[in-house]
Amino acid sequence: MNIFFRILLILSFVGSQAVAQTSITENKEILASIKNSLDYIYNTEVEAATQLNEEIGRELPNHPAYFMLKALTIRAANIPVNLNSPEFQEMKGQLEKVLSLSEEILEEDEMHPEANFFAMASIGLLAMYENDQGNHLKAVGMAQDAYTYLKNGFELKKEYPEFYFSSGLYNYYRIKYPEMHPIYKPFMLFFRDGDKELGLEQLKKAYRESVFMSPESAEYLTHIYLRYEQKPEQALRYARILVRKYPDNLFFVTNFLDAALASEQFSNLNLHVQQLLASDRDFYKMTGKLFDAMLLEKRDQRWGAAEKSYIQSLEYAQDLDSDEAENYRSYAYAGLARIAHEEKKYEAARSFYKKALASAQYYPVEKEAKAYLE
């Protein structure tokens, strides 16, 4: 996924959580309800979020916030979202409603903070999904529209700390992504420059000071330190915060286990693994079996049992086509390669590493596979 779609995807929560910045902040009851709804969404308490959203809708029937909360609730219940599912179509309809209402406001006031946020968030998610469905030209046009709204946020972050999140992510990914994917460098000439270190500091500032963006900042600090900066101990710090506050969010549980294993901190992880395995969704069964295999391999040196769990993880992944699933598929192939090497099955190890390299989404697995194959 190119940098701009990634940035827009990351900004998906900004719209919903910026609702407090102007008129809504004057209504403390509505503000409290929105914060509670977001906590339910983060903890994947879908029924509670849905019920509270309807109460918010009675107070804000034509506000983008209401429809964004509905879209995010659908997303939370189904993440990673299957683009061929009825749930995706329902979520897409809610996002289109958010965009329509935001554009109506912007026709009267093009610098309206809430409307800029909601327009950016909804069109960013819609662009990302169009890209994932292969509609690249349509997605590019939508992304260009969203960039207009993104730029407006750069000037508002001192007044509204929530904007440190979006500014931080842009500053980091604007530099990091072309570093890793040089083919995109020519396209970056059309976007303002970034600063990786400044971006990380802005994300940390958003984590410390923002009211609504703190969890999102912690999630993406986890992601950046684990996937790009190769500092798993720092990733684990933020992942642990999230899993303690939102224990039922299996996506956060997955990130926590990933960071813990990368940090070689193997204690007290089995309950989290079982939590994933108890899910009725193949994605979390896949990650549960994967992390079970990694513990059996790295902590216990039980090669046969680890190999069986790696294979089971890949079986659960057969029908999954998201970037997240592909990333963890590469982990499983790399694990099978390490076991094959331990068993002196060197050709099998090379074969598994080639598969790992084909599925790799990030540097750590890519580095490991390339080093073995050279």
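- Glu96 has its side chain out of reach of Ser122: every pair of non-hydrogen atoms, C-beta onward, lies at least 4.5 Å apart.
- In this structure, the side chain of Ser37 does not engage the main chain of Ser33 through any donor-acceptor pair within 3.5 Å.
- Side-chain atoms of Leu236 and Pro232, non-hydrogen and from C-beta on, never get closer than 4.5 Å to each other.
- Between Ala332 and Tyr310 the shortest heavy-atom distance is CA-CD2, 3.7 Å.
- Checked against the 6.0 Å centroid threshold, His341 and Tyr353 do not count as a close aromatic pair.
- Note on Glu179 versus Lys196: salt bridge recorded, some NZ/NE/NH1/NH2 to OD/OE distance being below 4.0 Å.
- Open room surrounds CD on Gln51; 12 or fewer heavy atoms of other groups in view lie less than 6.0 Å from it.
- Classification of Arg227 and Asp258 as a salt-bridged pair holds, one side-chain N sitting under 4.0 Å from a carboxylate O.
- Around the CZ atom of Arg299, the shell of radius 6.0 Å holds more than 12 heavy atoms that belong to other residues, nucleotides or ligands.
- Grouping the Ile, Leu, Val, Met, Phe, Trp and Tyr side chains by contacts below 4.5 angstrom, directly or via other members, places Val365 with Leu320.
- A parallel orientation is assigned to the rings of Tyr238 and Tyr225, their planes being inclined by less than 30° (bins at 30° and 60°).
- In this structure, Ser263 OG and Arg240 CZ are separated by 8.5 Å, a value rounded to the nearest 0.5 Å.
- Taking 4.5 Å as the limit, some side-chain heavy atom of Leu242 sits within range of a side-chain heavy atom of Glu219.
- Note: the hydrophobic cluster containing Ile311 also contains Tyr331 (ILVMFWY, side chain heavy atoms under 4.5 Å, direct or indirect links).
- Taking hydrophobic clusters as Ile, Leu, Val, Met, Phe, Trp and Tyr residues chained together by side-chain heavy-atom distances below 4.5 Å, Val253 does not share a cluster with Val46.
- Residues Pro364 and Tyr362 meet the side-chain proximity criterion, which asks for heavy atoms closer than 4.5 Å.
- With Lys355 contributing its side chain and Tyr333 its backbone, the two residues share no donor-acceptor pair below 3.5 Å.
- Looking at Asp292 and Ser309, their side chains do bring a donor and an acceptor atom within 3.5 Å of each other.
- Looking at Tyr42 and Glu216, their side chains do bring a donor and an acceptor atom within 3.5 Å of each other.
- In terms of heavy-atom proximity, Gln361 sits nearest to Glu326 at NE2-CG, 3.4 Å.
- A donor-acceptor pair is defined here as one N or O able to donate and one able to accept, closer than 3.5 Å; such a pair exists between the side chain of Ser313 and the backbone of Met286.
- Between atom OG of residue Ser167 and atom CG of residue Leu169 there is a gap of 9.0 Å, rounded to the nearest 0.5 Å.
- A cation-pi contact, defined as under 6.0 Å to the ring centre and within 45° of the axis, links Lys205 to Tyr164.
- Proximity of a side-chain donor or acceptor of Ser351 to a complementary backbone N or O of Glu347 within less than 3.5 Å is not detected.
- The heavy-atom pair separating Leu226 from Ala262 by the smallest distance is CD1-CB, 3.7 Å.
- Defined by atom type and a distance below 3.5 Å, a donor-acceptor pair is present between the side-chain atoms of Glu229 and Tyr172.
- Note that CG of Leu373 is 7.0 Å distant from NZ of Lys354, once rounded to the nearest 0.5 Å.
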For Phe283 and Thr287, run side chain to side chain contact (heavy atoms under 4.5 Å, CB included): C-alpha distance rounded to whole Å, both residues' side-chain angles, the deciding distance at 0.1 Å, then the answer. CA-CA 6 Å; Phe283 178 80; Thr287 58; 4.2 Å; yes
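- In the hydrophobic clustering of this structure, Leu99 does not group with Ile105; members are Ile, Leu, Val, Met, Phe, Trp, Tyr whose side-chain heavy atoms approach within less than 4.5 Å, directly or through other members.
- Between Phe251 and Tyr246, the distance separating the two ring centers is not shorter than 6.0 angstrom.
- Under 4.0 Å is where a charged nitrogen must lie from a carboxylate oxygen, and between Glu297 and Arg338 at least one such pair does.
- Using a 4.5 Å cut-off on side-chain heavy atoms (C-beta onward), Ile175 and Asp193 make contact.
- At most 12 heavy atoms of other shown residues, nucleotides or ligands fall within 6.0 angstrom of atom CD in Glu47.
- Considering all non-hydrogen atoms of both residues, Leu276 and Leu257 come closest at CD1-CD1, 3.6 Å.
- Expressed to the nearest 0.5 Å, how far CZ of Arg329 lies from CG of Asp323 amounts to 11.0 Å.
- Formation of a donor-acceptor pair under 3.5 Å by the Asp300 side chain with backbone atoms of Arg302 is not found in this model.
- In summary, of the residues considered (Thr50, Asn78, Asn53), a side-chain hydrogen bond (donor to acceptor under 3.5 Å, both in side chains) with Thr73 occurs for Asn53 alone.
- Remark: Lys97 NZ is loosely packed, at most 12 non-hydrogen atoms of other residues, nucleotides or ligands lying under 6.0 Å away.
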Please evaluate residues Tyr363 and Tyr228 with respect to the criterion ring pair (Phe, Tyr, Trp, His ring centres under 6.0 Å), reporting the C-alpha separation (whole Å), side-chain torsions for both, the decisive distance (0.1 Å), and the verdict. CA-CA 7 Å; Tyr363 182 68; Tyr228 294 112; 10.0 Å; no
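- No single ILVMFWY cluster, assembled from side-chain heavy atoms under 4.5 Å apart, contains both Leu336 and Leu296.
- The two residues Ile339 and Glu307 come nearest to each other via the heavy atoms CD1-N, 3.6 Å.
- Remark: the backbone N or O of Met91 is not paired with any side-chain donor or acceptor of Arg75 at under 3.5 angstrom.
- A distance of 10.0 Å separates CG of Leu60 from CZ of Phe67, quoted to the nearest 0.5 Å.
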Please step through side chain to side chain contact (heavy atoms under 4.5 Å, CB included) for the pair Gln275 and Tyr284, ending with a clear verdict. CA-CA 9 Å; Gln275 190 179 0; Tyr284 295 116; over 6 Å; no
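- Of all the heavy atoms in Asn43 and Pro247, the pair that sits closest is OD1-N, 3.2 Å.
- Going from atom CD of Glu45 over to atom CG of Asn36 covers 10.5 Å, rounded to the nearest 0.5 Å.
- At least one side-chain heavy atom of Lys92 sits under 4.5 Å from a side-chain heavy atom of Leu126.
- A distance-only check finds a donor-acceptor pair linking the side chain of Thr44 to the backbone of Asp248 [under 3.5 Å].
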Between Glu366 and Leu357, is a side chain to side chain contact (heavy atoms under 4.5 Å, CB included) present by the stated rule, with each step listed? CA-CA 6 Å; Glu366 182 180 299; Leu357 187 58; 3.8 Å; yes
Decide side chain to side chain contact (heavy atoms under 4.5 Å, CB included) for Leu203 and Ile224; before the verdict, give the C-alpha distance in whole Å, the side-chain angles of both, and the deciding distance to 0.1 Å. CA-CA 11 Å; Leu203 282 171; Ile224 288 168; 3.7 Å; yes
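- Defined by atom type and a distance below 3.5 Å, a donor-acceptor pair is missing between the side-chain atoms of Asn327 and Ser359.
- For Glu54 and Tyr66, the side-chain atoms include at least one donor-acceptor pair closer than 3.5 Å.
- Taking the six-membered ring for Trp and the full ring otherwise, the centers of His272 and Phe291 sit at least 6.0 Å from each other.
- A donor-acceptor pair under 3.5 Å links the side-chain atoms of Ser279 to the main chain of Arg281, judged by distance alone.
- A salt bridge does not link Glu315 to Lys289: none of the charged nitrogens lies less than 4.0 Å from a carboxylate oxygen.
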